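Report on one structure; see the data block that follows.
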Amino acid sequence: MTRILDDLTDAQREAVTHRDGPMLVVAGAGSGKTRVVTRRIAHLIDQGVRPWQILAVTFTNKAAREMHDRVERLVGPVPALVTTFHSACARWLRRDVERLDCGRDRRYSIYDDDDQIAVIRACLKDLDLDEKRFAPRGLSAAISRSKTEMRTYEEVLADAHGPRQEVVAEVYQAYEKRLRGANAVDFDDLLWLTLRMLTSDPELLAGYQQRYRYLLVDEYQDTNRVQYLLMKALAGQSRNLHATGDPDQSIYSWRGADYRNIMDFESDYPGTRVVFLEKNYRSTARILNVANELISHNAHRYEKRLVTDAAQGERPAFFCAADDRTEAAWVVREVRRLERAGTPLDEIAVFYRVNALSRTFEEVLIRESVPYTIVGGVRFYERKEIKDVLAYLKAVANPRDNAAFRRLAGAPPRGVGVKTLDALEALAAQRGAGMMETLVAEDFGEAWTGRYTKGLKALRALCRALAALPRAPVRAFVEAVLEHAGLKDHYRDPDDIRSEDRVENIEGLVNRAAEFDAERPDADLAAFLEDVALVTDVDEWNSESRQITLMSMHAAKGLEFRAVFVAGLEEGLLPHRNSMDTDAEREEERRLLYVAMTRAKERLYLSAAKQRLQWGEITMSLPSSFLDELPAEEVECLPGEDEVFAPEGLVPSMGRPGGYYGRRAPVRSGRRRKLGAGQWRRRTFEDEDAWDDLDPGLEPEDEIQEHPDDDVG
DNA sequence: CCTATATAGATTTTT
DNA sequence: TCTATATAGG
């Protein structure tokens with residue numbers, strides 16, 4: 001009780017004790033936002049609100065779990081009341097989706113990225129469209145975009161400009177038809193179908209509104225249109241919506257997030273109380289200074305500047321390496337030094353813009369035997385062997401899931417090929433059923449005299465056996481599947497170099513099933529699959545291990561470390577070449593770097609490499625223009641190993657916006673590769689000379705005259 | 001129907 | 001460089 005309100009600042013206390021009506025907490029990085037949310041939940045419970053009347057929504061399971069644990073530490077065991085948008089929606093759909101006329105029943109499957117791509121390819125084939133001309137990834141992105149904007153394929157078709165968009169609409173329609181037929185939903189559907197389900201059924205909505213009296217949304221700046229409307233619908237008349245967020249940390253617009261949702265909160269919810277948390281309790285003054293300076297270059301933002309009482313600390317350091325290997329070696333050397341000086345390895349992290357950069361670090365870390373964990377990249381559930389096992393689980397849970405069935409049929413190979421499967425699918429379609437259920441029920445009359453029948457019969461026996469198995473506990477079911485299907489033996493193949501890993505991964509899945517059974521004894525197979533589909537690697541990441549952490553800057557949000565390395569500060573990487581054309585894109589890239597920097601508590605290191613190996617090819621790069629935006633005197637430039645890059649090349653220009661290299665690096669003689677659709681602009685150079693004749697019309701002196709106030713030191 | 005080899009394409013970021 | 005798919009041959 002008093003404990004709940006102890007050691008809070010006035011602003012934090014106001015945010016915590018607020019009771020009814022809309023409230024917006026604009027919370028800067030490291031300002032105690034998580035503390036506010038958890039204390040508020042605890043406070044509400046303390047005030048007599050029933051725990052199940054509270055719904056707190058986050059974006060990752062990890063954040064949800066952490067919040068839940070912290071609440072329990074304050075008030076004792078409470079039912080889970082913190083979840084992600086996607087899990088909450090998945091659960092609600094599982095309960096009530098049949099009230100919405102969308103062709104799905106409660107056994108629905110959740111399709112991940114890979115499944116989506118597979119469906120799109122099948123659609124392209126049906127429509128007789130060339131994959132080369134219409135990249136499945138691009139189409140998938142376009143469809144996803146449409147769904148986050150809540151546009152049906154009819155609407156997309158109606159507003160189509162040109163044949164390309166007509167194709168998008170056409171594929172979108174086919175895609176929907178297939179998902180519907182497979183009783184499947186994608187990530188976007190989870191949200192949108194839920195919204196449609198609630199808004200089309202006033203009685204149902206009233207029930208949800210009644211149940212969830214207090215709503216909290218974390219990272220509100222990352223909500224998209226659907227999530228925004230969902231919360232608005234749930235908040236209803238009571239408008240008990242408590243949102244926390246930071247527009248400066250909005251880094252998901254590419255996924256449909258719209259930070260205007262937070263900017264416009266006050267006008268959306270008249271009478272909103274707004275609290276600003278502008279005091280940072282995480283970073284040293286110098287780190288904060290540099291981060292503040294960077295983000296101040298964004299034109300569109302809530303003006304705020306984080307302050308701190310913390311000590312000055314060390315200056316953030318910048319290291320410019322000759323190449324990526326040198327950069328990695330330097331990072332590892334510094335990691336070692338930090339460790340000797342008393343920073344535990346699990347308090348150190350390396351961030352990068354794209355996951356592909358992890359490889360070089362990994363090599364050096366292995367060589368130097370520094371323990372590490374990589375978060376992201378090839379995810380556990382995306383591994384081939386795991387997908388194989390999951391295909392069995394999915395097909396049993398949802399007999400209409402033909403994609404899962406097709407996968408299972410060939411893993412391990414058992415004499416059933418594409419032709420046979422096509423025949424079976426045709427038969428299933430004719431009966432309006434799924435392949436799994438069709439096969440299980442089939443008695444093989446005269447129509448099946450062909451040579452395909454033998455393999456099919458074996459498969460039928462397997463499917464019948466699996467369908468008859470008890471589906472809980474999940475662990476037992478998974479093991480029975482492995483046994484019946486002979487999957488372990490299949491992966492014990494001595495010809496496969498990765499055979500050991502594969503068997504290990506499968507055992508990992510069994511362990512996970514066991515954990516699931518222990519955590520949720522009353523849940524079933526469908527719930528397990530739901531978990532699996534919605535859990536990402538960041539969620540699994542264990543901060544307690546004595547290892548350094550490598551992850552993308554996106555994955556880093558919400559975390560903190562004593563020492564942080566931000567690698568690859570090069571134009572084209574950060575800002576990324578695909579996100580540097582418009583001011584809005586560049587601003588988001590800047591926020592991304594801001595997020596990365598503000599993860600650091602004590603030490604911040606930035607680095608860049610003049611050249612790096614990419615696709616097995618050496619490419620040259622320019623320093624990130626964001627480096628020019630940092631206060632030069634506040635950044636310690638470590639002696640690089642390359643004369644051109646540092647110190648003369650880069651350092652003198654730091655601190656002057658639009659410094660020597662300009663805000664946009666000129667494209668020169670960059671070797672262009674044909675990459676199909678979508679122009680590939682790469683800022684790369686054939687040789688060293690390109691360095692010297694960069695933008696010769698703009699000399700450092702000119703810049704100084706243009707910015708006489710800037711103290712260049 | 002399965003396997004081995006060739007080839008093209010990939011790298012933004014993730015629920 | 002690595003991976004996933006397309007192709008041909010067994």
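Values below: all heavy atoms of this structure, side chains included; hydrogens, waters and symmetry mates excluded. Bear in mind the structure is a predicted one, so any value in this text is a computation, not a measurement. A, B, ... follow the sequence lines: proteins, then strands. Residue 1 opens every chain.
At a cut-off of 3.5 Å, with distance as the only test, a side-chain donor of A:R586 or A:S625 sits close to an acceptor on the other residue.
Going from atom CE of A:M551 over to atom C1' of B:dT14 covers 14 Å, rounded to whole Å. The CD-P distance, from A:E570 to B:dT11, rounds to 19 Å in whole Å. Look at CD on A:E219: it is 19 Å from P on B:dT13, rounded to the nearest Å. Taking atom CZ of residue A:R325 and atom C1' of nucleotide C:dT1, one finds them 13 Å apart after rounding to whole Å. When rounded to the nearest whole Å, the span between CD1 of A:I117 and P of B:dG9 equals 15 Å. Going from atom CG of A:L459 over to atom P of B:dC1 covers 12 Å, rounded to whole Å. Remark: P of B:dT13 and CD of A:E587 are 22 Å apart, rounded to the nearest angstrom. A:L613 places its CG atom 18 Å from the P atom of B:dA10, with the value rounded to the nearest Å.
Taking the nucleotide of DNA chain B with the nearest heavy atom to each of A:A533 and A:R137, the more 5' of the two is matched to A:R137. Sequence order on DNA chain B of the closest nucleotides to A:L421 and A:L592 puts A:L421 first from the 5' end.
By the side-chain hydrogen bond (donor to acceptor under 3.5 Å, both in side chains) test, A:E530 pairs with A:R94, sequence neighbours left out. Shown here are the salt bridge (Lys or Arg N to Asp or Glu O under 4.0 Å) partners of A:R367, two or more places apart in sequence or in another chain: there are none.
Closest approach to the A:S552 side chain among B:dT14, B:dT11, C:dC2 is made by B:dT14 (side chain taken as heavy atoms from C-beta onward). For A:R359, taking side-chain heavy atoms from C-beta onward, the closest of the listed nucleotides C:dC2, B:dT11, B:dT13 is C:dC2. Of the listed nucleotides (B:dT14, B:dT11, B:dT12), B:dT14 has the atom at the smallest distance from the side chain of A:R255.
Here A:R121 lies in heavy-atom contact (under 4.0 Å) with sugar-phosphate atoms only. Within the nucleic acid shown, A:F59 comes within 4.0 Å of sugar-phosphate atoms alone, with no base atom in reach, counting heavy atoms only. Nucleic acid contact for A:Y252: sugar-phosphate only, since backbone atoms but no base atoms lie under 4.0 Å from a heavy atom of the residue. Within the nucleic acid shown, A:D188 has no heavy atom closer than 4.0 Å to any nucleic acid atom.
A 6.0 Å sphere centred on CZ of A:R95 holds more than 12 heavy atoms belonging to other residues, nucleotides or ligands. Atom CZ of A:R359 has 12 or fewer heavy atoms from other residues, nucleotides or ligands within 6.0 Å.
Centre separation under 5.5 Å together with a plane angle under 30° holds for the ring of A:W254 and the six-membered base ring of B:dT13, marking them as stacked. Look at A:H554 and the base of B:dT13; the rings do not stack under the cut-offs of 5.5 Å between centres and 30° between planes.
In this model, the phosphate group of B:dT13 is approached by a side-chain N or O of A:N355 to a distance below 4.0 Å at OP1 or OP2. Within the structure, a side-chain polar atom (N or O) of A:T420 is placed less than 4.0 Å from OP1 or OP2 of B:dC1.
Between C:dA4 and B:dT13, the distance separating the two P atoms is 15 Å to the nearest Å.
Within the 4.5 Å cutoff, the side chain of A:L390 has heavy atoms near those of the A:L393 side chain.
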